[in-house]
Amino acid sequence: QVDLMESGGGLVHPGGSLTLSCAASGISFAGATMGWYRQAPGNQRRDMFASIKSGTTINYSYSVNGRFTISRDNAKNIVYLEMNDLNPADTGVYYCNGDAWWGQGTQGTVSA
C-alpha cells in the first residue's frame, strides 16, 4: 500500500515561514526522487518547484529565488520543505510526489 501524507500547512503573514513535511510509505523512499508541487488558487495544474533525488541532487525553479529549501530524511521516509519570506503569491495547495504517487496536499495561505 502506497501512502504519501503532507502536513505543516497553515496561515501566515507575508514574510512568515512554513515548514512542510511529506511522510511516505509503501515506496522505496531512499531510491525515489521526491518533488514538491504547488497548485495555485484557480488553477488545475500542479507546478513543480523543488525536487530532490535519492543522491540528494536538488533542483529548484527560478521562482523560488532561494527562499525554499528541500531536504529529506531517508531513515524516517520524510521529505521536508522549508519556506521562508513567504508572500501571497506562494498561496496554494502543496503536494509531494514520489515514484509517480501523490499525497493529498496541504494548504498554505499567505495573507496580511
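These figures come from a predicted structure and were not determined experimentally.
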Return yes if some donor-acceptor pair links the side-chain N/O of [X] with the main-chain N/O of [Y] below 3.5 Å, else return no.
X: Glu6; Y: Gly105; result: yes
X: Thr19; Y: Glu82; result: no
X: Asp73; Y: Ala75; result: yes

Let me confirm one number: the [atom1]-[atom2] distance from [X] to [Y], rounded to the nearest 0.5 Å.
X: Phe49; Y: Ile70; atom1: CZ; atom2: CD1; result: 7.5 Å
X: Ser54; Y: Met34; atom1: OG; atom2: CE; result: 11.5 Å
X: Phe68; Y: Trp36; atom1: CZ; atom2: CH2; result: 11.0 Å
X: Ser17; Y: Leu86; atom1: OG; atom2: CG; result: 6.0 Å

Any side-chain heavy-atom pair of [X] and [Y] under 4.5 Å:
X: Val79; Y: Phe29; result: yes
X: Val93; Y: Thr106; result: no
X: Tyr94; Y: Gln107; result: no
X: Tyr95; Y: Leu4; result: no
X: Asp47; Y: Arg38; result: no
X: Arg67; Y: Asn87; result: yes
X: Leu20; Y: Met83; result: yes
X: Asp99; Y: Ser28; result: no

Practice problem: Indicate, with yes or no, if Ile78 and Leu81 share a hydrophobic cluster defined by side-chain heavy-atom contacts under 4.5 Å among Ile, Leu, Val, Met, Phe, Trp and Tyr. | Solution: no
Self-check item: Hydrophobic cluster membership, Val64 vs Ile58, 4.5 Å side-chain cutoff
Solution: yes
Heavy-atom closest contact ([X] atom, [Y] atom, distance):
X: Ala32; Y: Ile27; answer: CB-CD1, 4.5 Å
X: Pro41; Y: Gly92; answer: CD-CA, 4.2 Å
X: Met5; Y: Gln104; answer: CA-OE1, 3.3 Å

Exercise. Just do the side-chain hydrogen bond (donor to acceptor under 3.5 Å, both in side chains) check on Asp3 and Ser25 with the steps written out, would you?
Key: CA-CA 5 Å; Asp3 189 34; Ser25 62; 4.6 Å; no
Self-check item: Within 6.0 angstrom of Trp101 CH2, more than 12 heavy atoms from elsewhere
Solution: no
Quiz item: Taking the six-membered ring of Tyr80, is NZ or CZ of Arg72 closer than 6.0 Å to its centre and within 45° of its axis?
Solution: no
Practice problem: Decide side-chain hydrogen bond (donor to acceptor under 3.5 Å, both in side chains) for Ser51 and Thr33; before the verdict, give the C-alpha distance in whole Å, the side-chain angles of both, and the deciding distance to 0.1 Å. | Solution: CA-CA 7 Å; Ser51 66; Thr33 297; over 6 Å; no
Practice problem: Kindly determine whether Ser111 and Thr109 satisfy side-chain hydrogen bond (donor to acceptor under 3.5 Å, both in side chains), including the steps that lead there. | Solution: CA-CA 6 Å; Ser111 179; Thr109 302; over 6 Å; no
